[in-house]
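Counting from 1, the numbers follow the sequence of the chain as shown.
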Amino acid sequence: MSTQKNELENSFYRVQIRGTLTCLSPLHIGAGLELPLIDRDDEIGVALKKAEDNKKPADDENEKQKKDPDYLASTSGKEVQPIIPAASLHGSLLGGRNQQSKDVISRLFGCTKEDSLRAGKLQVFDATLKQPSRPEGDRSWSPTRKTILHQGISIEPITGTAANHHLFTFELVPSGSIFDIELVLQNVTETDIATTLGLLALWNGGNNSALGRGRSQGWGKVQWEFAEARALQTEDLQQWLKKPAESLEGFYKPLILEPVPIATNLATQSIPIWIKPDGPFLINQPSLCQDKPEDKKDGKETNDKNKLADLNFMRTSDGRALIPGSTLRGLIRARARRILASIAHLHFDAAPGRASEISDELIELLFGETGQRSPLWFEDAISDDVLKKSDCGQQSQDAPPSKHTPHEQVFIAIDRFTGGVADGALYQVEAAISERLETRCHIEIKRQPVGDWWKGLLLFVLRDALEGDLAVGWGKAKGYGKFSAGIFFDKSDRCSLDEVLEHIERKGHDPDNWVDALHAKIKESVASKQGQTA
């Protein structure tokens, strides 16, 4: 009886919780729409419109059938500005709880069991854009939509070249954008409210509570900031009913409660990694490359030293060079696939085609596939130093002094038949130079593959990284993108393979067992394939 009485004394008819969500990384929550780039009011869209207006009628039938490039749009609301849909927020809160009272969770989120169907007491509204964030120098910034574009392409794991028809463009909400968020609770107790505040606190900027697409490449990180909680009790509602001329808002009272600490449902293990480039590196960011003014003389384009670069390195808003987490993950995936195929072929006599099939199947267990998110992801690797130029060759007045300047180089293609200069093949690149970049690798513990074979696989990849056998980005055949990497441990970033193995052994693990498990897993897969074809 005392417990029921206490619940009644601390019950509330309606509670409003308000706060903000700040994007700590780019955010994409798809609207399921492909919109034409030519309709955007950014510099890219304006350039496409200008080119369309100046284009002569096409004689070629194929030219007439060409479609304007599209981009995958983010969910937008009023005045086509981005929103975070209530369904995404509701799903994130529900997915974040772990080992909480089933009774409390069912009260907040409802119950779908046939014998006890009921709606939840928690109501979430769309988060609306409060403060946009415009990245400096980004040509894809839309003043109307308050978004930017991200262009990417899939890389063939065998050839290392761009896959045909795999160029894609996403619309992103830039990092630094702030959204207003409001939640309403109906007929709840203090325990329900404190639990809700604890769930909101899980939006702490980590990968565990990221929203939208691209969480495995570091997108969607948001930070919750509490603003206020107001409560309306039953007696307050009764008082308002006696004074209908007054606003109901005046009968709400401030509510102060401590959130219930909630363990995340997505436990991860993080590995801090440093990357030391051996020279210039370039992961191109097309939105930073402005259209070049054509200064023609006698029908030929003159050599203008002030022209902007054709290829520009990716960077943060304050000018720090970066290697996207998706690029790192793709590089590690391709190297791991190569290692698996090599072991299957050289050690277990699998034919090249069969070795390729085996490596693909094992890779999907660790790096995911269509319809199954990867349990392993990387954050963007960001340089320690700020580069002097922050937007495609233009000096930024707000950028702090830098230690290094970008690496600028002009290339020209040679006609392989004549040995002369190819027409129109002169192009300029602006690459990054950095002493060191830092990133983190995250492994989702509950979704990691069964056994230790994948640890042995990553150990082989780490060996190659420590020895400087990896290269990333554009121009690998021209000497760009080569680097060495290692792991931070024992407050030191100077580590060789022997030091890494010693560190693993001190943690109570045996690297040799990991390698044996890898060979056993590949042997099992080879035998399974042979049995299927027998």
Within-4.5 Å side-chain heavy-atom neighbours: [X] and [Y]:
| X | Y | result |
| --- | --- | --- |
| Pro259 | Leu200 | no |
| Leu24 | Thr22 | yes |
| Ser74 | Ile29 | no |
| Ile283 | Leu322 | no |
| Arg333 | Phe367 | yes |
| Val15 | Val184 | no |
| Arg436 | Ile275 | no |
| Phe226 | Leu197 | yes |

Closest non-hydrogen atom pair, [X] against [Y]:
| X | Y | result |
| --- | --- | --- |
| Lys49 | Arg40 | NZ-O, 3.1 Å |
| Asp42 | Ser140 | OD2-O, 3.2 Å |
| Gly176 | Ser133 | C-CB, 3.5 Å |
| Trp141 | Pro132 | CH2-CB, 4.0 Å |
| Lys146 | Pro174 | O-CD, 3.7 Å |
| Val173 | Pro82 | CG2-CB, 3.6 Å |

I'd like to know if [X] and [Y] make a salt bridge, using a cut-off of under 4.0 Å between side-chain N and carboxylate O.
| X | Y | result |
| --- | --- | --- |
| Lys253 | Asp236 | yes |
| Lys446 | Glu444 | no |
| Arg337 | Asp360 | yes |

**OP:** Decide side-chain contact (heavy atoms from CB on, under 4.5 Å) for Ile83 and Leu129; before the verdict, give the C-alpha distance in whole Å, the side-chain angles of both, and the deciding distance to 0.1 Å.
**Re:** CA-CA 6 Å; Ile83 63 171; Leu129 185 64; over 6 Å; no

**OP:** Test Leu72 against Leu35 for side-chain contact (heavy atoms from CB on, under 4.5 Å), laying out the working first.
**Re:** CA-CA 7 Å; Leu72 299 174; Leu35 301 180; over 6 Å; no

Would [X] and [Y] count as having a side-chain donor-acceptor pair, cut-off 3.5 Å?
| X | Y | result |
| --- | --- | --- |
| Thr128 | Asp180 | no |
| Asp41 | Thr144 | yes |
| Thr147 | Glu171 | yes |
| Thr195 | Asp192 | no |
| Ser92 | Trp203 | yes |

Original post:
Any sub-3.5 Å donor-acceptor pair from Ser106's side-chain atoms to Gly110's backbone N or O?
Top reply: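 Checked: no pair found.
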
Original post:
Quick one: does Ser11's side chain have a donor or acceptor within less than 3.5 Å of a partner on Thr189's backbone?
Top reply: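 Between the backbone of Thr189 and the side chain of Ser11 there is no qualifying donor-acceptor contact (under 3.5 Å).
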
**OP:** Start with the C-alpha distance between His442 and Phe378, add both sets of side-chain angles, then the distance that settles ring-ring contact (aromatic ring centres under 6.0 Å, His included), and finish with yes or no.
**Re:** CA-CA 6 Å; His442 301 276; Phe378 286 84; 8.8 Å; no

Original post:
Does the side-chain contact (heavy atoms from CB on, under 4.5 Å) test come out yes or no for Trp454 and Lys521, once each step is laid out?
Top reply: CA-CA 9 Å; Trp454 60 274; Lys521 183 68 174 180; over 6 Å; no

Subject >> For Leu149, the option from Leu37, Leu172, Asp138 that meets side-chain contact (heavy atoms from CB on, under 4.5 Å) >> reply: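 In the set Leu37, Leu172, Asp138, the residue that makes a side-chain contact (heavy atoms from CB on, under 4.5 Å) with Leu149 is Leu37.
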
**OP:** Tell me, please, which residues at least two apart from Glu228 pass side chain to side chain donor-acceptor pair (under 3.5 Å).
**Re:**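 Once residues adjacent in sequence are excluded, the partners of Glu228 under the side chain to side chain donor-acceptor pair (under 3.5 Å) criterion are Arg18.
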
Original post:
Looking at residues at least two apart in the chain, or sitting in another chain, which of them share a side chain to side chain donor-acceptor pair (under 3.5 Å) with Glu79?
Top reply: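 Residues passing side chain to side chain donor-acceptor pair (under 3.5 Å) with Glu79: none at all.
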
Subject >> Leu241, CG atom: more than 12 neighbouring heavy atoms under 6.0 Å >> reply: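 Enclosed: over 12 neighbouring heavy atoms sit under 6.0 Å from CG of Leu241.
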
Roughly how far apart are [X] [atom1] and [Y] [atom2], rounded to 0.5 Å?
| X | Y | atom1 | atom2 | result |
| --- | --- | --- | --- | --- |
| Leu183 | Ile193 | CG | CD1 | 12.0 Å |
| Leu458 | Leu366 | CG | CG | 5.5 Å |
| Phe251 | Arg230 | CZ | CZ | 12.5 Å |
| Thr75 | Ile84 | OG1 | CD1 | 10.0 Å |
| Glu249 | Gln16 | CD | CD | 5.5 Å |
| Leu232 | Leu255 | CG | CG | 11.5 Å |

Subject >> side-chain contact (heavy atoms from CB on, under 4.5 Å) between Asp70 and Thr169, worked out >> reply: CA-CA 7 Å; Asp70 296 330; Thr169 303; over 6 Å; no

**OP:** Kindly confirm or rule out a cation-pi arrangement of Arg14 over Phe12, judged by NZ or CZ under 6.0 Å from the six-membered ring centre and within 45° of its axis?
**Re:**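 Output no; distance or angle outside limits.
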
Subject >> Parallel, tilted or perpendicular: ring planes of Trp219 versus Phe170, cut at 30 and 60 degrees >> reply: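 Rings of Trp219 and Phe170: perpendicular, over 60°.
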
